[in-house]
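Okay, so here's the structure we're looking at.
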Amino acid sequence: MAPAYLATIHALRRAARWAPAALFSSGIVAGDKPVLVRDFVRSALYDPNHGYFSKRSGPVGVLDSAIRFHKLEGRTAYMKHLDKLYKMHDISWFTPVELFKPWYAYAIAASILRTANLSVPLKIYEIGGGSGTCAKCVLDYMMLNAPPKVYNNMKYISVEISSSLAEKQLETVGEVQSHLSKFTVEHRDATDIAGWGCKDPQPCWVLMLEVLDNLPHDLVYSPDQVSPWMEVWIEKVNGSSQVCEVYKPLQDPLVSRCSEIVGMNEENPSLREKLSFAAKGLVSKVFPKPRRAWLPTGCLKLLDTLHQTLPSMSLIASDFSYLPDVSIPGDRAPLVSSKKDGKTLDHPNYLDAQGDADIFFPTDFLLLEQIDHHCSGFSKDQMKRGAFKPVKSRRTIILDSAAFMEEFGMPLKTRTKDGYNPLLDDFRNTKFYLSVPTHNKK
């Protein structure tokens with residue numbers, strides 16, 4: 001290890017209990033031991049007593065009836081109608097599957113029906129099923145469009161961490177009596193491998209709609225452009241309710257793995273990269289610029305679990321590819337938002353989240369693809385010079401939501417009188433990720 005690198009490590013270790021930011025009050029950090037940022041995020045969102053999604057099912061809205069888009073004149077009429085719905089329900093937001101029911105879920109069901117192996121019973125897992133609208137609409141579609149044998153023998157399992165939402169899902173799906181024999185809710189954490197039981201080699205589908213944006217993330221920090229990345233921990237100050245950031249050398253296995261997949265600590269850099277690094281070193285001495293990056297360690301853990309327990313799964317995920325007006329610093333930084341008296345407030349610091357605020361992250365879909373391949377057994381090590389061309393065990397595609405809906409859905413159903421289509425026009429910052437197994441074996 002180079003002396004300069006060691007000196008930096010020692011300096012950061014000496015400063016490990018210091019954070020340049022102000023102190024923040026927090027009831028989220030329990031006990032006196034420091035916690036990783038992902039544990040802070042998980043507690044703020046999912047703690048059974050004070051987590052944002054566990055307090056109530058209110059954060060996710062449910063429409064009493066589907067919006068009749070063909071009755072609306074255009075965008076202005078749609079926005080007025082939407083504003084009226086938000087005020088009427090007093091909730092944080094409506095998911096796309098709720099706003100565009102049943103058509104959004106119908107498109108997902110159609111994509112499954114078009115590509116599924118119907119020689120075996122259809123099994124669908126949904127991670128974080130919200131109010132149960134997707135489950136009900138997918139079951140509706142299968143009942144109306146699939147061969148009777150497919151619908152009669154299918155299983156739809158919702159894996160839901162929130163007890164209040166789990167109850168709501170049963171209520172929603174139960175609106176159609178015949179669905180109940182096919183639908184079950186498992187109240188548990190989908191990232192916990194113990195909850196999945198034995199490995200199931202049979203084909204199945206896994207749906208994750210607006211799930212990745214609420215998965216816990218870790219934060220890494222560097223004081224300048226060339227110093228090594230450090231883990232960020234959250235610690236109470238002198239046993240009080242105030243917390244601050246603590247910086248430590250990378251040591252957590254999940255953070256280290258994720259940083260390797262991202263390519264933050266590339267070994268054997270090229271000559272060009274070495275020259276660039278040297279130039280940054282000179283600049284950093286004169287103009288040091290702190291760096292922050294958010295790592296989707298929750299996504300890595302979830303996909304690790306799914307690939308180990310459901311090796312033949314086909315995956316459909318949809319989420320936001322970018323978020324506007326994010327003021328929190330760092331690559332892939334989240335939006336922290338709360339609602340009070342019908343008004344939305346965006347917070348400037350993630351430590352403001354005290355169980356009353358949503359924390360949601362943009363999804364880097366190319367990074368998601370890398371993590372998916374990594375968890376399926378494919379790694380960058382297989383691409384070393386002189387090795388045979390690596391064979392991936394997954395076939396993947398990333399589609400804009402509009403492209404997905406035009407391929408599998410019925411876009412005319414969400415179009416207004418003047419041709420404006422909120423599903424295609426207003427959700428340009430969302431994408432779909434499809435991943436299916438190939439016949440290539442590890």
Worked check of side chain to side chain contact (heavy atoms under 4.5 Å, CB included) between C299 and L368 | CA-CA 8 Å; C299 173; L368 170 63; 3.7 Å; yes

Stepwise, does the side chain to side chain contact (heavy atoms under 4.5 Å, CB included) test hold for I398 with L434?
-> CA-CA 6 Å; I398 299 169; L434 285 72; over 6 Å; no

Apply the test side chain to side chain contact (heavy atoms under 4.5 Å, CB included) to residues I67 and K101: give CA-CA distance (whole Å), side-chain angles for both, the deciding distance (0.1 Å), then the verdict.
-> CA-CA 8 Å; I67 298 174; K101 66 181 181 185; over 6 Å; no

I would like to know whether H374 and E260 meet side chain to side chain contact (heavy atoms under 4.5 Å, CB included); could you show each step before the answer?
-> CA-CA 11 Å; H374 173 87; E260 289 175 7; over 6 Å; no

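Between the side chains of E126 and S158, no donor-acceptor pair is found at a separation under 3.5 Å. No hydrogens or angles considered: a donor-acceptor pair under 3.5 Å links the side chains of Y433 and D372. Looking only at atom types and distance, the side chain of E231 has a donor-acceptor partner in the side chain of W233 under 3.5 Å away. Judged purely by distance below 3.5 Å, without hydrogens or angles, the side chains of D356 and H50 never pair a donor atom with an acceptor atom. For the residue pair D358 and N214, a side-chain donor N or O sits within less than 3.5 Å of a side-chain acceptor on the partner. For the 3.5 Å distance criterion, the side chains of S338 and H347 qualify, holding a donor opposite an acceptor. Looking only at atom types and distance, the side chain of E210 has no donor-acceptor partner in the side chain of T95 under 3.5 Å away. Between S321 and N429, the side chains place no donor N or O within less than 3.5 Å of an acceptor N or O (distance only, hydrogens not considered). Between the side chains of S435 and R394, at least one donor N or O lies within less than 3.5 Å of an accepting N or O.
In this structure, D319 has no salt bridge (Lys or Arg N to Asp or Glu O under 4.0 Å) partners at least two apart in sequence or on a different chain.
Residues R114 and E407 are in side-chain contact: their nearest non-hydrogen atoms beyond the backbone lie under 4.5 Å apart. Considering only heavy atoms from C-beta on, I328 stays 4.5 Å or farther from N349 through its side chain. Inter-residue side-chain proximity for T396 and V436 is flagged as unmet; no heavy-atom pair is nearer than 4.5 Å. Counting heavy atoms from C-beta outward, R428 and T430 have side chains that stay 4.5 Å or more apart.
In this structure, the side chain of Y86 engages the main chain of F94 through a donor-acceptor pair within 3.5 Å. Proximity of a side-chain donor or acceptor of D400 to a complementary backbone N or O of A403 within less than 3.5 Å is not detected. Using a distance-only test at 3.5 Å, with no hydrogens or angles considered, a donor-acceptor pair links the side chain of T309 to the main chain of T305. Of the possible polar contacts, none joining the K33 side chain to the E235 backbone as a donor-acceptor pair under 3.5 Å is found. Formation of a donor-acceptor pair under 3.5 Å by the Q169 side chain with backbone atoms of G130 is found in this model. In this structure, S227 contributes its side chain and S222 its backbone to no donor-acceptor pair below 3.5 Å. A distance-only check finds no donor-acceptor pair linking the side chain of S43 to the backbone of D39 [under 3.5 Å]. Looking at R292, its side chain never comes within 3.5 Å of a backbone N or O of P329 through a donor-acceptor pair.
Between R291 and D331, none of the side-chain N atoms (NZ, or NE/NH1/NH2) sits under 4.0 Å from a carboxylate O, so this pair counts as no salt bridge. Using a cutoff of 4.0 Å between basic side-chain nitrogens and carboxylate oxygens, D252 and R38 are scored as salt-bridged.
We find the OG1-CG distance between T184 and L170 to be 8.5 Å, quoted to the nearest 0.5 Å. Taken from CG in L165 to CD in E171, the straight-line distance is 11.5 Å, to the nearest 0.5 Å. For the atom pair CG of D364 and NZ of K431, the computed distance is 10.5 Å after rounding to the nearest 0.5 Å. Between S111 atom OG and L399 atom CG the span is 10.0 Å, to the nearest 0.5 Å. Interatomic distance, T191 OG1 to L300 CG, rounded to the nearest 0.5 Å: 11.0 Å. The structure places CG of D189 at 10.5 Å from CD of E160, a figure rounded to the nearest 0.5 Å.
Note on ring orientation: taking the six-membered ring where Trp is involved, the planes of Y350 and W294 are perpendicular (angle over 60°, cut-offs 30° and 60°). Under the 30°/60° scheme for interplanar angles, the aromatic rings of F432 and Y104 are found to be tilted.
The side-chain tip of R188 points at the ring of W196 from less than 6.0 angstrom away and within 45° of straight on.
Annotation for C258 and P296: closest pair SG-CD, 3.8 Å, computed over non-hydrogen atoms. Annotation for Y106 and C137: closest pair CE1-O, 3.3 Å, computed over non-hydrogen atoms. Taking each heavy atom of F427 and P422 in turn, the nearest pair found is CD1-O, 3.4 Å.
In summary, of the residues considered (F40, F361, F360), a ring-ring contact (aromatic ring centres under 6.0 Å, His included) with H217 occurs for F361 alone.
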N/O donor-acceptor pairs under 3.5 Å from side chains in residues 199-206, not counting sequence neighbours:
from: D200; atom 1: OD1; to: Q202; atom 2: N; distance (Å): 3.1
from: D200; atom 1: OD2; to: K123; atom 2: NZ; distance (Å): 3.3

